[in-house]
Structure formats: structure tokens, C-alpha cells
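Below: the structure, in C-alpha cells.
Note: hydrogens, waters and symmetry copies are ignored here, and every other heavy atom, side chains too, is used.
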Amino acid sequence: MSLHPGGAVDGSSTAQAGRRRAGRLALAVVVWVAAYTLNGPLWDWVVCDLLRLDLGSRVGSGVHFFLFDTVKIVLLLAGIIFVVTVLRSFMSVERTRSLLGGRREGVGNVVAASLGVVTPFCSCSAVPAFIGFVASGVPLGVTMSFLIASPLVNEVAIALLLGMFGPGPTALYIGAGLVIAVVAGLVIGRLHLERWVEPFVFETRLGGQVIDPALGLTWDQRIQIGVEEVRTILRRIWPYLLVGIGLGAAIHGWAPQDLFVRYAGPGNPLAVPVAVVIGVPLYSNAAGILPLVEALHDKGLPMGTLLAFMMAVVALSLPEMILLRRVLKPRLIVTFSGVVALGIVAVGYLFNVLLPA
Amino acid sequence: MEVSILGSGCANCVALEKNTRAALADLGIDAEVAKVTDVAAIAAYGVMRTPGLVVDGQVVVSGRVPRPEEIAALLGATGPA
């Protein structure tokens with residue numbers, strides 16, 4: 001850029017573009033804050049005064065929960081996904097792999113799990129990333145730590161937990177997710193299950209020059225990536241979101257107060273494993289599950305049982321296992337799911353002790 | 001010019017294919033856009049985050065969906081058109 005002959009002209013026009021960009025961002029922040037603040041009063045007014053429903057009634061509170069939560073969740077998602085994506089555009093799977101190269105197990109697992117949280121990644125890339133890691137010599141267990149942490153501790157879950165339950169449970173969730181990823185990866189590494197990986201993975205020769213997508217991007221490109229990501233994620237998850245909020249609203253308005261507590265409350269020692277067994281085959285994401293978690297929490301279910309349910313849904317799913325089948329033999333998929341599910345059950349019990357309902 | 005899109009059918013891969021076709025049309029290049037959906041083949045290109053764009057055997061984009069104008073610039077820079 002500095003070699004450009006028209007450097008001075010170029011400089012003033014980029015400064016102008018920079019100011020315009022800052023102006024647009026500031027405007028977006030103001031609109032976001034205003035919408036978030038007005039969300040509650042707006043729906044109070046619509047439900048009470050416009051629709052003439054009593055907020056204490058079943059229909060009234062159900063309708064209010066649905067409208068208020070839909071707007072709140074979409075705003076939270078848009079805000080956090082944008083910020084996280086722009087920050088993550090400085091990081092890449094390629095860089096993560098080079099940071100993991102040559103690390104021993106143990107330290108490697110901890111680094112892999114932490115990088116799983118900050119590396120931009122989507123489950124549709126799980127298989128190419130798995131091949132890219134293992135074929136370049138990253139140990140199997142370390143690779144698994146990365147692949148477990150990445151969906152478990154994701155920006156959507158963090159955004160919604162913060163908005164619904166505050167920083168305490170959110171921090172516990174992140175910590176627990178990391179511990180599960182580290183321990184499960186260590187266990188898989190110790191079991192020496194390389195023979196249950198499809199052999200072609202080790203024979204794959206990584207050709208071509210590696211392109212690091214994080215390098216050489218301009219701010220405009222990073223912001224564009226952020227906006228695109230908000231759009232793609234919202235477009236992908238809105239059906240889950242509406243179903244989740246709808247179920248949440250139904251529970252909120254109609255379910256009798258003691259129904260869930262009687263079956264899955266603190267009195268039932270098997271509630272956590274049952275929640276995990278129900279959650280594993282379910283395919284949804286944090287945005288679809290958290291409205292349900294919020295409504296069930298209001299009905300008196302303990303946080304540990306609910307978070308275990310959510311973790312089981314987001315970390316393990318049938319479609320993901322079918323994808324992984326391309327590179328992992330069924331016994332490794334079963335072992336991997338079993339180890340992760342056990343970790344989630346343990347975390348559920350722990351949270352039930354730490355955060356009594 | 002040989003152009004291929006790497007990706008196993010996720011939303012971003014479809015978007016990248018669309019933008020690439022638009023860029024080719026802008027440049028007036030009549031090239032086939034091939035699709036590589038096999039994950040092993042994708043990984044062999046060294047791409048770990050889909051989608052990817054390969055021009056004449058070289059990976060030029062991975063892990064993001066550039067706008068058509070940017071792709072046009074990349075295509076103009078790599079191929080003799």
C-alpha cells in the first residue's frame with residue numbers, strides 16, 4: 001500500500017472510508033441498544049393494551065414470552081455473532097493447526113480445547129479439519145479435544161446464556177465445556193484408537209500451498225464477514241429458534257408448576273443421565289434449546305440437569321456422527337460419544353450441587 | 001481456465017459458487033465450474049474450512065465467501081483469461 005505512487009490521495013480516501021465505517025458501526029450500536037432496551041416495554045404495551053390480555057393469564061404470559069424472547073434472542077445473536085466473527089477473523093484453522101504441531105498430549109489437549117473456542121469453525125468442516133490435523137501429525141486425542149470444544153463452547157451458547165442467566169452460569173458452562181473437551185481428548189489419546197480411524201486419513205498427502213484465510217484482510221472485509229455470518233447463522237437456525245421459543249412459551253404459559261419438578265426435579269437422582277440420553281440423538285443448536293432451558297428453569301428444574309441436556313444436544317448429534325463416519329470407524333464414534341456423554345453427566349451432577357434450583 | 005468449488009454442500013459453498021459464476025460472467029470468461037464434494041479430496045487440497053475456490057490447481061480462497069468483485073480480481077490475477 002505504501003508503494004502506491006498516489007499514496008497521499010490513497011491515504012486521505014482510506015481515512016474518509018474509515019470514518020464512514022466507524023459512523024455506520026456507531027449507528028448500528030445505537031440502534032441495537034435502543035431495540036434491546038425497548039423490547040420489554042414494547043411487548044408489555046402490545047400484549048396488555050393492544051391485545052387486551054392479562055399478563056398473569058396463561059395466554060397472556062405465553063404470548064408475551066414468545067414475542068419478547070424472539071426479539072431478545074435475535075438481537076443477542078446478531079450482536080454477539082457479529083462481534084465474535086470479526087474478532088475470530090484474525091484466527092484460522094490453519095493457524096490453530098500450526099500452534100498444535102509438535103505439542104505433547106496433555107498441554108496439547110488444553111491448547112486444542114481453548115483454540116476450539118476461538119477458532120472460526122463450523123461442523124460442516126469437521127471432516128476436512130480432522131483429516132488436515134491428523135494427516136499433518138497432530139495426535140488423535142489432541143484433534144478430538146479441538147473437535148469437541150468447538151461446537152460445545154460456541155458463541156451462540158455463550159451469548160444466550162449470558163442474556164438469560166448472567167455471567168456466573170455462563171462462566172461455569174465455558175469452564176465445564178473446556179474440561180470435558182480436554183479430558184475426553186486425553187482419554188481417547190490414551191486408549192490409542194488410531195486403528196479405528198479410516199486408514200486413508202493417514203495416507204492423505206496434503207498438497208497445495210496452505211492459504212491462511214485470516215491473513216491480509218481489510219477491516220471492510222472483516223466487517224463484511226461478520227455481517228454475512230450473522231445472516232447465514234440466523235437463516236440456518238430460525239426454524240429451531242421458533243420451535244424452541246414456541247415450546248418454551250407453551251411450557252411457560254400452560255405447564256403446571258410442579259409437573260417437571262415432580263419427574264426431573266432435584267428429587268430424582270437419575271434426572272441428569274436421562275436428560276443426556278434424551279439429548280444425544282436430538283439435533284438442534286443452542287438457539288433452539290436455550291428458550292426451552294429458560295422456561296424449564298422458571299418451572300424449577302435445576303441448572304445442572306438443564307445444561308447437561310443442552311450440552312448433549314449441541315455436542316453430540318446423529319447427523320454429525322454420520323459425517324464423522326467418513327473418517328472414523330463405528331467403534332471410535334461410539335467410544336467418542338460415550339466418553340463425551342459421561343463427561344456431560346458428571347458436569348450435570350456437579351452443577352446441580354453448585355447451582356441449586 | 002479450470003475453476004472448482006470445494007465444499008460438501010453447505011450454505012457457504014452454494015454462495016461461493018454463485019459469486020464465482022457472477023465473477024466469471026463479469027469477466028466474460030466461459031469456464032466450467034466444477035464441484036469437489038468428497039471430503040478426502042477437499043482435505044488433500046490443504047483446505048480445512050470450507051468453502052474453497054481452486055483456479056488451475058491453486059487454492060485461492062478458503063474458509064470465506066468473497067464478493068464477486070474480489071473473486072473477479074483473483075481470477076484476473078491467476079489466469080491468462
Contacting moiety of [X], where chain B heavy atoms sit under 4.5 Å:
{"X": "Glu198(A)", "result": "neither"}
{"X": "Phe130(A)", "result": "neither"}
{"X": "Leu323(A)", "result": "neither"}

Checking [X] against chain A: side chain, backbone, both or neither under 4.5 Å from a heavy atom?
{"X": "Thr50(B)", "answer": "both"}
{"X": "Val65(B)", "answer": "backbone"}
{"X": "Val47(B)", "answer": "backbone"}

Review point. Looking at CZ of Arg64(B) and CD of Glu229(A), how far apart are the two atoms once the value is rounded to the nearest 0.5 Å?
Key: 13.5 Å
Point to revise | Gap between atom OG1 of Thr96(A) and atom CE of Met48(B) - 0.5 Å precision | key: 8.0 Å
**Study point:** Least distance between heavy atoms, Ser125(A) atom then Arg49(B) atom
**Key:** OG-CA, 3.6 Å
Exercise for review: Search all heavy atoms of Pro128(A) against all heavy atoms of Ala43(B) and return the closest pair with its distance.
Suggested key: O-CB, 4.1 Å
Tell me, yes or no, whether the heavy-atom count around [X] atom [atom1], taken from other residues, nucleotides or ligands under 6.0 Å, exceeds 12.
{"X": "Glu32(B)", "atom1": "CD", "value": "no"}
{"X": "Arg67(B)", "atom1": "CZ", "value": "no"}
{"X": "Trp238(A)", "atom1": "CH2", "value": "no"}

